[in-house]
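Quick caveat, the model's predicted, so the values are computed rather than measured.
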Amino acid sequence: MGKKSYLAMRRDQGMESSLLASDFQDLTNAAKKLANHAVKLGGLGFGTTFLEWIAAFAAIYLLILDRTNWKTNILTGLLIPYIFFTLPSILFSLLRGDVGTWIAFVAVILRLFFSKRFPDWLEMPGALILLIVVAPSLFASTIRKNWIGVVICLAIACYLLQEHIRASGGFRNSFTKAHGISNTVGIILLFVYPAWALLIDLL
């Protein structure tokens, strides 16, 4: 009787050990899946942020070209809302706060009372700062952070590309004319962030 009880106890302990081992294996697998998903999501988030920086600086680069050697009839003022929607959050928050308010205030004062000394190349940056400061939260928080802002950026990039190709006299000329390559590459970079962000939203 005592031997049977001992054997039953050993059998129960073996079953408990196997159950514990199985549970531990399940926990290990779950932890691995969680880690893999976290890495994937973190990578996607980093990629989106990185492309956002590239897109914003590509638009700023095109604005600089527009004020130097890219003198066409293209509506480059569309780069201002593009930068508004793609500007990285850390810079957007900085310019939407007191820093941007003071910059906008000084720009308006200079434009009103010292218009003859106000350089033309400051009009676009001043308009951008003013737009960031006074934009309603519907645009600054809601639309800027969802797919609507991404679609707007994509539409702006498409318009600027086709207008640039038309102004250059064709697709080939846009890559071979003087300053054509730099302008075309800059406009193509405008597509990178909205296309990626739209893909992530769809997934």
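Not counting sequence neighbours, the partners of L94 by the side chain to side chain contact (heavy atoms under 4.5 Å, CB included) test are V99. For L130, the side chain to side chain contact (heavy atoms under 4.5 Å, CB included) test picks out A104, V108, V134, with sequence neighbours left out. Taking V151 as the reference, W147, L198 meet the side chain to side chain contact (heavy atoms under 4.5 Å, CB included) condition, with sequence neighbours excluded.
Annotation for F85 and G149: closest pair CD2-CA, 4.0 Å, computed over non-hydrogen atoms. Contact record, A55 with Y193: CB-CB, 3.6 Å, taken as the closest heavy-atom pair. M124 and G77 make their closest contact through CE-CA, 3.6 Å (heavy atoms, listed as atom of the first residue, atom of the second, distance). Residues V150 and P194 approach most closely at CG1-O, 3.1 Å, considering heavy atoms.
Rounded to the nearest 0.5 Å, atoms SG (C153) and CD1 (I83) are 10.0 Å apart. Taking CG of L78 as the start and CD of E163 as the end, the distance is 9.5 Å to the nearest 0.5 Å. Between the OG1 atom in T86 and the CD1 atom in I152 there is a gap of 12.0 Å [rounded to 0.5 Å]. Distance check: C158 SG to I187 CD1 gives 11.0 Å after rounding to the nearest 0.5 Å.
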Is there a side-chain contact (heavy atoms from CB on, under 4.5 Å) between T101 and L95 once you walk through the steps?
CA-CA 7 Å; T101 304; L95 294 176; over 6 Å; no
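Within a 6.0 Å sphere centred on CZ of F191, other residues, nucleotides and ligands contribute more than 12 heavy atoms. Other residues, nucleotides and ligands contribute at most 12 non-hydrogen atoms within 6.0 Å of the CD1 atom of I90.
A 4.5 Å side-chain heavy-atom check between L128 and L79 finds every atom pair outside the cut-off. Within the 4.5 Å cutoff, the side chain of F50 has no heavy atoms near those of the P88 side chain. Put simply, the side chain of P81 reaches to within 4.5 Å of the side chain of I156, judged on heavy atoms.
Between the side chain of R144 and the main chain of L87, a donor-acceptor pair closer than 3.5 Å is present. A donor-acceptor pair under 3.5 Å links the side-chain atoms of R96 to the main chain of A135, judged by distance alone.
Put simply, the residue from L62, L154, I54 that forms a side-chain contact (heavy atoms from CB on, under 4.5 Å) with L190 is L62.
Ring geometry for F57 against W53 counts as parallel: the plane angle stays under 30°, on a 0 to 90° scale with 60° as the upper cut.
Within the 6.0 Å centre-distance limit, the rings of F84 and F92 are counted as a close aromatic pair.
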